[in-house]
Amino acid sequence: MTTVIPFGPQHPVLPEPVSLKLELDNDVVIGALPSLGYVHRGLEKFIDTKDYNQTTYICERICGICSALHGITYTMAVEKLFDVEIPERAMYIRVIVGELNRVHSHLLWLGLFADGFGFESLFYECWKYREAVLDVLEKITGNRVIHSISKVGGASKDLTKEHIDLILKMLDTVESQVKDLEKVFINNYTVKQRTVGLATMSKQLAYEAGTVGPTLRGSGVHSDLREEADWDIYKDLGFKAVVEKDGDCYSRTKVRVFELYESIKLIRNAISKLPNGEIATPIKGSPTGEAIMRTEQPRGEVVYYVKGNGTKNLERLKIRTPTFANIPSLLLTLPGIKLADVPIVVLTIDPCISCTER
Amino acid sequence: MLKNTIDAIEMKSSADVLKAVQDAKNDGYRYATMICLKKDDGHELIYVLDKDYKLKNLRYFVKPGEKPKSVSGIYLCALLIENEYQDLFGLTFEGLAIDYKGHLYLTPNSPKTPLA
């Protein structure tokens with residue numbers, strides 16, 4: 001006999017509201033149907049009343065975790081419309097803040113994930129370590145959550161010597177803390193018992209399901225937009241994509257743990273190569289034409305489409321966020337697993353519902 | 001005319017879209033997203049597919065009243081974006097794998113087709 005039960009929209013392991021209707025045979029899931037719409041804000045419609053510069057602030061407010069990268073991607077898309085090159089220093093500043101964004105996002109996720117299987121002390125540790133990153137972001141950008149580092153034409157704030165010293169000092173501390181976390185997330189008996197072999201997605205399935213980011217790379221697919229031409233600065237910084245091949249919850253966790261080291265390395269390299277000079281190019285006029293810009297957010301590829309018609313307001317802004325791409329994979333991975341494991345599986349796509357619904 | 005547009009292959013019919021999407025999948029492309037634009041009295045759909053960081057875009061004009069075919073039978077992940085455009089633009093996709101019937105985001109009391 002089958003039973004249908006709701007998972008969410010309010011659930012202890014869900015930081016944001018999303019609902020899954022789970023069809024169960026005893027305690028085994030045989031079907032799942034996602035239900036959205038709890039935080040849909042219609043931000044793509046909001047551009048009707050905001051000009052293309054003001055829209056930067058809207059994009060940053062799509063999500064409180066990857067706000068910097070939303071702003072960066074949007075401004076890069078509009079810069080494509082203007083066909084303008086921004087100063088190199090601005091690109092480096094964007095990379096530094098973007099990677100700091102990724103570090104605090106992954107630490108946040110690791111904490112939520114630990115909380116998902118009841119490892120409360122690990123949750124506390126992850127979030128405690130994350131605080132140091134947020135403190136530095138507040139000092140260099142003026143805000144813990146909405147950093148507003150990017151504007152059309154470059155960076156909105158410069159990094160001073162004092163900022164750089166703060167970042168480097170914090171990275172030394174956080175790197176050593178991540179090593180401690182790694183020991184637990186990679187080797188701990190409880191973590192492995194709850195994640196190894198769970199909700200396995202093959203390389204082909206993950207690719208065809210349209211997944212992105214650590215969810216895709218955790219299935220052995222080498223895909224990270226930081227290797228893409230629009231972000232060629234990453235090549236100079238020695239970026240190497242983190243890929244794990246087993247495709248299970250453990251594998252997706254490993255990708256995020258090891259990406260922390262990669263981000264720390266990138267920030268250090270970016271600081272060591274940070275060029276002098278201007279941080280922005282003046283932009284005049286109104287955008288015209290259409291452009292697609294993609295970057296790698298903490299949760300994976302984000303796609304921005306912008307269309308300008310020669311007025312201050314964009315005609316169309318379309319944003320495809322990483323979680324939007326990862327949610328359909330749950331339809332494929334949840335069937336066959338036990339109800340008690342549903343929170344673990346859902347969390348391993350690192351769901352961001354504010355992003356998804358915009 | 002817009003000066004800088006994205007490279008896209010023009011599709012003549014919804015059946016052509018299905019075939020091109022199937023061919024792209026067979027050729028190793030990943031479904032990235034679909035963009036919907038208002039155009040004249042209808043809508044323009046841009047299917048965005050990715051392979052090795054390179055995009056292939058398919059552009060198709062949906063005539064007023066036309067029901068484009070869903071590609072969710074080829075790429076299951078297309079179901080969310082197609083349902084989104086049913087909500088926001090009032091389009092109807094034929095053959096959707098899961099059809100929320102205009103209520104992916106919107107409740108019965110929400111504004112109807114707010115981007116249309």
Side-chain angles (χ1 to χ4, degrees), chain A residues 33-42 44-45 48 80-83 204 206-212 216 221-225 227-231 287-292 294 301-305 307-310 315-321 324-329 331-332 356-358, chain B residues 1-8 25-26 28-39 43-46 48-55 57 59 71-72 74-85 87-89 97-100 102-108 110-111 113-116:
Chain A
L33 180 67
S35 177
L36 304 172
Y38 299 96
V39 286
H40 177 62
R41 290 154 290 165
E44 290 173 5
K45 174 75 174 167
D48 291 353
K80 270 191 175 182
L81 294 183
F82 282 108
D83 195 20
Q204 186 179 358
Y207 190 76
E208 290 183 359
T211 62
V212 294
L216 181 61
V221 180
H222 190 111
S223 175
D224 191 315
L225 278 161
E227 293 180 333
E228 207 260 345
D230 285 331
W231 278 90
T288 182
E290 58 180 352
I292 291 176
R294 299 183 295 160
E301 171 200 68
V302 65
V303 183
Y304 268 72
Y305 169 88
K307 184 175 182 183
N309 55 11
E315 185 177 316
R316 177 80 168 112
L317 167 67
K318 168 67 196 155
I319 307 153
R320 203 298 325 276
T321 61
F324 195 93
N326 284 330
I327 282 179
S329 69
L331 299 174
L332 305 169
T356 303
E357 300 190 7
R358 293 149 280 132
Chain B
M1 282 292 287
L2 296 172
K3 277 192 300 183
N4 47 336
T5 57
I6 58 171
D7 290 333
K25 186 180 181 186
N26 296 343
Y29 278 86
R30 181 177 61 84
Y31 184 90
T33 191
M34 179 171 63
I35 297 150
C36 183
L37 307 161
K38 285 190 289 182
K39 186 176 181 186
H43 295 87
E44 190 170 67
L45 299 177
I46 305 171
V48 183
L49 304 152
D50 167 271
K51 183 182 174 185
D52 299 332
Y53 309 130
K54 298 281 181 260
L55 294 182
N57 305 309
R59 201 186 288 267
V71 301
S72 60
I74 301 168
Y75 288 107
L76 178 66
C77 53
L79 73 93
L80 277 188
I81 193 69
E82 290 178 351
N83 272 291
E84 176 171 315
Y85 292 150
D87 276 33
L88 304 183
F89 286 92
I98 300 171
D99 193 345
Y100 290 81
H103 296 297
L104 176 69
Y105 300 134
L106 305 180
T107 67
S110 303
T113 61
L115 290 184

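As a basis for the values below, the full set of heavy atoms in this structure was taken, side chains included, without hydrogen atoms, waters or symmetry mates. Below, chain A is the first sequence line, B the second, and so on; all start at residue 1. It should be emphasised that the depicted structure is a prediction, and the values quoted were computed from it without experimental measurement.
Although no hydrogens or angles enter the test, the distance criterion places no donor-acceptor pair under 3.5 Å between the side chain of A/Arg320 and the main chain of B/Ile35.
For chain A, the nearby parts of B/Leu104 are the backbone and the side chain; heavy atoms of each come within less than 4.5 Å. The parts of A/Lys45 that come within reach of chain B are both its backbone and its side chain, each placing non-hydrogen atoms under 4.5 angstrom from that chain. With a threshold of 4.5 angstrom between heavy atoms, B/Asp87 does not approach chain A through any atom at all. No part of A/Val39 comes within reach of chain B, as not one of its non-hydrogen atoms sits under 4.5 angstrom from that chain. Contact of A/Glu301 with chain B is made through the side chain alone, with heavy-atom distances under 4.5 Å. With a 4.5 angstrom heavy-atom cutoff, B/Ile81 touches chain A via backbone and side-chain atoms both. With a 4.5 angstrom heavy-atom cutoff, A/Thr356 touches chain B only via backbone atoms. Contact annotation for B/Leu80: both backbone and side-chain heavy atoms come within less than 4.5 Å of a heavy atom of chain A.
For the pair A/Gly210 and B/Cys77, the tightest heavy-atom approach, listed with the atom from each and the gap, is CA-SG, 3.9 Å. For the residue pair B/Asp50 and A/Tyr207, the shortest heavy atom distance occurs at O-OH, 3.5 Å. The two atoms that bring B/Tyr53 and A/Leu225 nearest to each other are CD2-CD2, 4.0 Å, heavy atoms only. In terms of heavy atoms, A/Lys318 sits closest to B/Thr33 at CE-OG1, 4.3 Å. Shown here for A/Glu208 and B/Tyr75, the closest heavy-atom pair between the two residues is O-CD2, 3.8 Å.
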Query raised in the report: What's the verdict on side-chain contact (heavy atoms from CB on, under 4.5 Å) for A/Leu36 and B/Tyr100, showing C-alpha distance, side-chain angles and the deciding distance?
Result: CA-CA 10 Å; A/Leu36 304 172; B/Tyr100 290 81; over 6 Å; no
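Distance CZ/A/Arg316 to NZ/B/Lys39: 15.0 Å, rounded to 0.5 Å.
Salt bridge status for B/Glu44 with A/Lys307: absent, with no side-chain N to carboxylate O gap under 4.0 Å. A salt bridge links B/Arg59 with A/Glu290; the closest basic N to acidic carboxylate O contact falls under 4.0 Å.
At a cut-off of 3.5 Å, with distance as the only test, no side-chain donor of A/Arg41 or B/Tyr105 sits close to an acceptor on the other residue.
A heavy-atom distance below 4.5 Å is found between the side chains of B/Leu55 and A/Arg294.
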